[in-house]
Amino acid sequence: MIGRNGIGIGIGIGHNLDGLSMKILLTGGTGYIGSHIAVVFAQMGHSVVLYDNLSNSSASVAGQINAITDEKCVFVRGDIRDTAFLQSTLRSQQIEAVVHLAGLKAVGESVEKPIDYYANNVQGTISLLEAMEAERIKTLVFSSSATVYGQPQYLPIDENHPTSATNPYGRSKLHIEEMLSDVAASDGGWHIACLRYFNPAGAHETARLGERPAGKPNNLMPFIAQVATGERTVLSIFGDDYETPDGTGLRDYIHVMDLAEGHAMALQFLISNAGWHAFNLGTGQAYSVMEMIKSFEKASCQKVAFNVAPRRPGDVAACFANPDKAMLVLGWTASRTLDDMCSSTWHFYQSFDNAAGKAKG
Ligand code: NAD
Ligand code: UDP
């Protein structure tokens, strides 16, 4: 593990999640990250509307969220590019703020289908902004990504690191961030936070929510989990000749519930702060692929078979956050451990009903 000194990583600082109850629309609300945010928001007393076209999730997730929270989250099936329907939903549900997660997210696919990515992510965001402006709703939290930093020029990465993009997915995030910055500059009524996620991982402690990619996983954690369950035979480590302590890639994995709480803190910050703001959501600690395998083996008591494959094109040796700004400005820091990420993922996979395509219960 590579860590930074002196910052309260892993300690937690007693997040103050109290605040005004709001009516919040989550685009992409039945997806992996959106579903965890919905739980956090509902448990804080917010009214939550999940707006999703189900292109990469299932309506059963809304049921799981409601089972966890005893709250009635409203699910609306819709596409963010359908501006008229989105606007009528904002109005009928009396929405006051939006967390915008909906979008396509597979880097490799974005290289093959760039038009889909710009249409869904960029055009979809324009549609959302039009609907919000028409309804005079000007508080927005956007799911951005550390991918907007491109090739790291120094580590750890802070928010002042230059931005660039190396693929259409990353470029769509960067275009959206820049668009949002222009919108905030044009009208002081907007309150916008771009949250740059590092590597989300883990699942809800009830094992009702988690990440279950439909096909072959692109990301490391679900791939490891599927080897541990026996659904896949072997994990390919993409390169063991990087200039890192064990030669494998270093990343900043962050528990999805810490990430979700970061959204609550960002929303609370936006209530009294107009303008455009960017925050890293990461832990500041980096783990190698090899360390991830070992940690998952310990949490699951299963062997994870692996072989070493060539480097994956576009990968960098190391990428991890300087999360100081989120701590100082939002009062947020990640508190859950890598073991929490691995064990919650394992429990989710064990309780997942493959035949039904959803968590049991
Ligand atoms: P996800 O695919 O599980 O969730 C996205 C949801 O958006 C899905 O439920 C999908 O059905 C929905 N959606 C897609 N296009 C839509 C449209 N046009 N209209 C309505 N709904 C639509 O992905 P996730 O991991 O939960 O990611 C959420 C957001 O966070 C994405 O914007 C992603 O780019 C961003 N992000 C994710 C990661 C990660 O590693 N998971 C890292 C950085 C940033
Ligand atoms: N990785 C790997 N095998 C896989 C998937 C990922 O070795 O099947 C490595 C990848 O090279 C990187 C790390 O795991 O070093 C995290 O990759 P992931 O795709 O999860 O996230 P990202 O590349 O977006 O940081």
Side-chain angles (χ1 to χ4, degrees), residues 26-37 50-59 61-62 76-82 85-86 99-108 110 116-117 119-121 123-125 127-128 141-148 167 169-170 172-173 176 194-201 209-214 216-224 226-227 232 234-240 242 244 247-254 256 259-260 263 281-282 286-293 306-320:
L26 305 185
T27 74
T30 49
Y32 169 47
I33 297 169
S35 57
H36 291 81
I37 295 174
L50 312 161
Y51 186 94
D52 203 298
N53 68 359
L54 302 183
S55 58
N56 198 35
S57 57
S58 142
V61 173
V76 176
R77 185 170 185 173
D79 196 294
I80 52 169
R81 290 165 294 176
D82 186 344
F85 183 61
L86 187 50
V99 179
H100 177 34
L101 301 118
L104 303 178
K105 62 166 186 175
V107 171
S110 80
D116 285 1
Y117 274 68
N120 225 304
N121 297 2
Q123 197 177 319
T125 303
S127 167
L128 171 65
V141 177
F142 171 60
S143 291
S144 189
S145 166
T147 191
V148 299
N167 55 66
Y169 167 69
S172 75
K173 291 289 177 194
I176 294 168
C194 293
L195 303 183
R196 296 171 175 168
Y197 310 161
F198 279 68
N199 290 62
L209 301 172
E211 186 180 24
R212 198 74 178 73
K216 190 175 171 184
N218 296 306
N219 295 114
L220 180 63
M221 184 70 113
F223 208 113
I224 291 179
Q226 293 189 13
V227 176
R232 294 187 187 275
V234 63
L235 169 79
S236 290
I237 297 179
F238 298 142
D240 68 349
Y242 284 107
T244 59
T248 66
L250 288 169
R251 295 290 184 278
D252 184 338
Y253 298 91
I254 174 170
V256 66
L259 196 70
H263 290 70
L281 293 185
Y287 291 95
S288 72
V289 177
M290 204 56 90
E291 286 175 309
M292 294 297 289
I293 294 170
F306 63 86
N307 57 33
V308 177
R311 293 181 181 190
R312 185 170 62 178
D315 269 0
V316 298
C319 180
F320 52 99

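Counting convention: from 1, in listed order, for ligands and their atoms alike. Along the sequence shown, residues are numbered consecutively beginning with 1.
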Is the backbone of [Y] close enough, under 3.5 Å, to the side chain of [X] for a donor and an acceptor to pair up by distance?
X      : Y      : answer
Lys173 : Ser143 : yes
Ser127 : Gln123 : no
Tyr51  : Asp79  : yes

Problem - Leu220-ligand 2 polar pair, N/O distance under 3.5 Å - result: yes
Practice task
Give yes or no for whether the N/O distance cutoff of 3.5 Å, strictly under, is met between Phe223 and ligand 2.
Solution key: no
Practice task
Just need the protein heavy atom nearest to atom 7 (O) of ligand 2, so name the residue and atom and give the distance.
Solution key: Phe238 N, 2.9 Å
I'd like a table of the close N/O pairs between ligand 1 and the protein (anything under 3.5 Å), one pair per line with both atom names and the distance.
residue, atom, partner, partner atom, Å
ligand 1, 2 (O), Asn56, ND2, 2.7
ligand 1, 3 (O), Tyr32, N, 2.9
ligand 1, 9 (O), Gly31, N, 3.4
ligand 1, 9 (O), Asp52, OD1, 3.2
ligand 1, 9 (O), Asp52, OD2, 2.6
ligand 1, 9 (O), Ser57, OG, 2.7
ligand 1, 11 (O), Asp52, OD1, 2.6
ligand 1, 11 (O), Asn53, OD1, 3.4
ligand 1, 11 (O), Ser55, N, 3.1
ligand 1, 11 (O), Ser55, OG, 3.3
ligand 1, 11 (O), Asn56, N, 2.9
ligand 1, 13 (N), Asn53, OD1, 3.4
ligand 1, 15 (N), Asn120, OD1, 3.1
ligand 1, 18 (N), Asp79, OD1, 3.1
ligand 1, 18 (N), Asn120, OD1, 2.7
ligand 1, 19 (N), Ile80, N, 3.0
ligand 1, 21 (N), Asn53, N, 3.2
ligand 1, 21 (N), Asn53, OD1, 3.3
ligand 1, 23 (O), Lys105, NZ, 3.4
ligand 1, 25 (O), Lys105, NZ, 2.7
ligand 1, 26 (O), Tyr32, N, 3.3
ligand 1, 26 (O), Ile33, N, 2.8
ligand 1, 32 (O), Leu101, O, 2.7
ligand 1, 32 (O), Lys173, NZ, 2.9
ligand 1, 34 (O), Tyr169, OH, 2.7
ligand 1, 34 (O), Lys173, NZ, 3.0

Contacts of [X] that satisfy side chain to side chain donor-acceptor pair (under 3.5 Å) - sequence neighbours left out:
X      : result
Tyr169 : none
Arg77  : none
His263 : Tyr197

Problem - 4.5 Å side-chain heavy-atom contact, Leu220 and Phe238 - result: no
Problem - Any side-chain heavy-atom pair of Ser288 and Thr244 under 4.5 Å - result: no
Between [X] and ligand 2, which residue portion shows a heavy-atom distance shorter than 4.0 Å: side chain, backbone, both, or neither?
X      : answer
Phe198 : neither
Asp315 : side chain
Leu235 : side chain

Completion exercise
Judged by heavy atoms only, the candidate from Tyr253, Phe320, Phe306 nearest atom 16 (C) of ligand 2 is Tyr253
